[in-house]
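For reference, the structure is listed below as structure tokens.
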Amino acid sequence: MVKNQSYKIAVVLNAFKRTEYLELQLDSIENQTIKPTDIYVWQNSGGVIPEHLKSRFILAECSHNMGVWARFSFALNIDADYICVFDDDTIPGSRWFENCINTIKEYDGLLGTRGLRYMSPKRYHPFEHYGWGNPNEETMQVDIVGHAWFFRREHLAMFWSEMPSQDASKIAGEDIHFSYMLQKFGLATYVPPHPQNDTSLWGSLPEHGNKIGTDSNAISSNQTALSRFDIALQYYTDRGFKLYLSFNDRLKKGIVVGAGVRGNNKIRNVINKNERIKKIAKFILKKLERIGIHI
């Protein structure tokens, strides 16, 4: 247990299509074992917030849908030690902030409740994932995190020290951008422990995440959005974003072609036993990437 008065944590929420869950989200945040000092809500055009909730947060109403990036610029106005940005489908357990504070003492960087390790520098799918959808007993280093981002306020200076591309998608890329920028400053991205037997420490309670996160408003269920995720990942890996899993690690797990994995155990066993073949395979795979077959 950590002392409440020792930390100033502010929260940023996004109000758009799922405002019917906003009250539940506010309740879960206000019931944290470490209370937030302030809650900020960025309201994109189209979101309707019940009037009786507006006294519980600082509201910024926008006449346009600014997508997923605006909340991180809104956060620049916050005076706090730490900031936690939540997606609108994320309801945290009561000790999520406590978990993050304890984790960031040892693992200084970006924390989140769902972390991905990519299998390909060109394709969003497939990936290994950790956090509320696949509980981890220990802190796990990953490529990116989502659903909730917990970070020191000064990390925002790193986020915005390099602007995203002018044609960056409104619905994708902010998560990769954040981890990419912190990596440039020598910091990594982590998922704090999500122990199987204690969901109070989780950044997203599964009974809500499984329901809300898979409804018709979920960005990840949209095929257009998935292609934007591919574009964003390739944009940053082309600029030097280093994936957690090495080429050899990814090769052992399966050869990634397009949006899926084609695993061939016989081929992998031969490759893994012979360093010379492994070098040849690496050369061939790079050649394949040049003609559009991405590994």
Side-chain angles (χ1 to χ4, degrees), residues 4 7-75 77-101 111-114 131-133 145-151 170-171 174-175 192 194 198-222:
N4 292 4
Y7 307 95
K8 292 174 63 178
I9 302 173
V11 171
V12 179
L13 304 178
N14 189 60
F16 184 41
K17 292 184 177 180
R18 294 186 178 114
T19 52
E20 67 270 29
Y21 299 107
L22 180 58
E23 186 166 10
L24 176 62
Q25 198 172 37
L26 290 169
D27 289 345
S28 69
I29 291 167
E30 291 173 347
N31 287 329
Q32 292 289 305
T33 54
I34 302 179
K35 306 300 182 186
T37 53
D38 289 294
I39 299 174
Y40 295 73
V41 175
W42 177 270
Q43 181 182 4
N44 276 314
S45 176
V48 179
I49 297 177
E51 286 297 323
H52 74 279
L53 297 180
K54 291 184 177 179
S55 62
R56 298 171 66 176
F57 49 77
I58 298 166
L59 176 64
E61 298 179 82
C62 185
S63 60
H64 183 71
N65 178 13
M66 301 298 290
V68 296
W69 295 80
R71 50 193 172 167
F72 289 97
S73 59
F74 185 34
N77 298 281
I78 292 174
D79 178 16
D81 301 317
Y82 302 93
I83 297 171
C84 192
V85 177
F86 287 99
D87 279 345
D88 59 3
D89 60 355
T90 303
I91 312 298
S94 62
R95 298 173 62 200
W96 170 240
F97 291 166
E98 181 183 334
N99 191 10
C100 288
I101 289 293
L111 309 182
T113 186
R114 183 171 189 259
W132 75 265
V145 288
H147 297 197
W149 296 261
F150 187 96
F151 51 93
K170 288 183 179 180
I171 61 173
E174 85 291 8
D175 44 9
H194 283 63
D198 190 357
T199 58
S200 71
L201 294 168
W202 292 21
S204 178
L205 294 173
E207 61 267 30
H208 301 301
N210 286 325
K211 174 187 175 182
I212 306 171
T214 57
D215 68 14
S216 59
N217 294 313
I219 290 177
S220 59
S221 65
N222 182 298

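Note: hydrogens, waters and symmetry copies are ignored here, and every other heavy atom, side chains too, is used. The residues of the chain are indexed from 1 along the displayed sequence. These numbers come from a predicted model, not from an experiment.
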With sequence neighbours left out, write down each residue that passes ring pair (Phe, Tyr, Trp, His ring centres under 6.0 Å) with Y40, or none if nothing qualifies.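 If we apply the ring pair (Phe, Tyr, Trp, His ring centres under 6.0 Å) test to Y40, skipping adjacent residues, the hits are F74.
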Is the shortest side-chain heavy-atom distance between [X] and [Y] below 4.5 Å?
{"X": "F151", "Y": "V145", "answer": "no"}
{"X": "F97", "Y": "P92", "answer": "no"}
{"X": "K35", "Y": "Y7", "answer": "no"}
{"X": "I9", "Y": "T37", "answer": "no"}
{"X": "W132", "Y": "N210", "answer": "yes"}
{"X": "N44", "Y": "E61", "answer": "no"}

Specify the closest pair of heavy atoms between [X] and [Y], including all atoms of both residues, with the distance to one decimal.
{"X": "L201", "Y": "N99", "answer": "O-ND2, 2.9 Å"}
{"X": "C100", "Y": "L111", "answer": "O-CD1, 3.5 Å"}
{"X": "M66", "Y": "W42", "answer": "CG-CZ2, 3.9 Å"}
{"X": "I78", "Y": "A10", "answer": "CG2-CB, 3.4 Å"}
{"X": "Q25", "Y": "T90", "answer": "NE2-O, 3.0 Å"}
{"X": "A15", "Y": "V41", "answer": "CB-CG1, 3.8 Å"}

Can you tell me if H194 uses its side chain to pair, donor with acceptor, with the backbone of G203 under 3.5 Å?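 Yes.
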Taking C62's backbone N and O only, do any of them form a donor-acceptor pair with H64's side chain (distance below 3.5 Å, no angle check)?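 No.
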If the threshold is 4.0 Å, N to carboxylate O, is there a salt bridge linking [X] and [Y]?
{"X": "D38", "Y": "R56", "result": "no"}
{"X": "D89", "Y": "K17", "result": "no"}
{"X": "D198", "Y": "R95", "result": "yes"}

Rounded distance [0.5 Å steps], [atom1] in [X] versus [atom2] in [Y]:
{"X": "S45", "Y": "F16", "atom1": "OG", "atom2": "CZ", "answer": "7.5 Å"}
{"X": "L22", "Y": "N14", "atom1": "CG", "atom2": "CG", "answer": "10.5 Å"}
{"X": "E23", "Y": "S28", "atom1": "CD", "atom2": "OG", "answer": "11.5 Å"}
{"X": "I83", "Y": "K8", "atom1": "CD1", "atom2": "NZ", "answer": "11.0 Å"}
{"X": "I34", "Y": "E98", "atom1": "CD1", "atom2": "CD", "answer": "6.0 Å"}
{"X": "Q43", "Y": "S63", "atom1": "CD", "atom2": "OG", "answer": "11.0 Å"}

Those residues that, when tested against W202, pass side-chain hydrogen bond (donor to acceptor under 3.5 Å, both in side chains) (two or more places apart):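 Counting only residues at least two positions away or on another chain, W202 forms no side-chain hydrogen bond (donor to acceptor under 3.5 Å, both in side chains).
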Taking only residues two or more places apart in sequence or in another chain, which ones pass side-chain hydrogen bond (donor to acceptor under 3.5 Å, both in side chains) with D175?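 For D175 there are no side-chain hydrogen bond (donor to acceptor under 3.5 Å, both in side chains) partners, ignoring immediate neighbours.
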Hey, can you tell me if Y82 and F150 have their rings parallel, tilted or perpendicular (30° and 60° cut-offs)?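 Rings of Y82 and F150: parallel, as their planes differ by under 30°.
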Which of these, V85, D88, I29, T19, sits in a side chain to side chain contact (heavy atoms under 4.5 Å, CB included) with L13?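 Exactly one pass, corresponding to I29.
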Before you tell me yes or no, could you show the steps for W149 and F86 under ring pair (Phe, Tyr, Trp, His ring centres under 6.0 Å), namely the whole-Å CA-CA distance, both residues' side-chain angles and the distance that decides it to 0.1 Å? CA-CA 7 Å; W149 296 261; F86 287 99; 9.0 Å; no
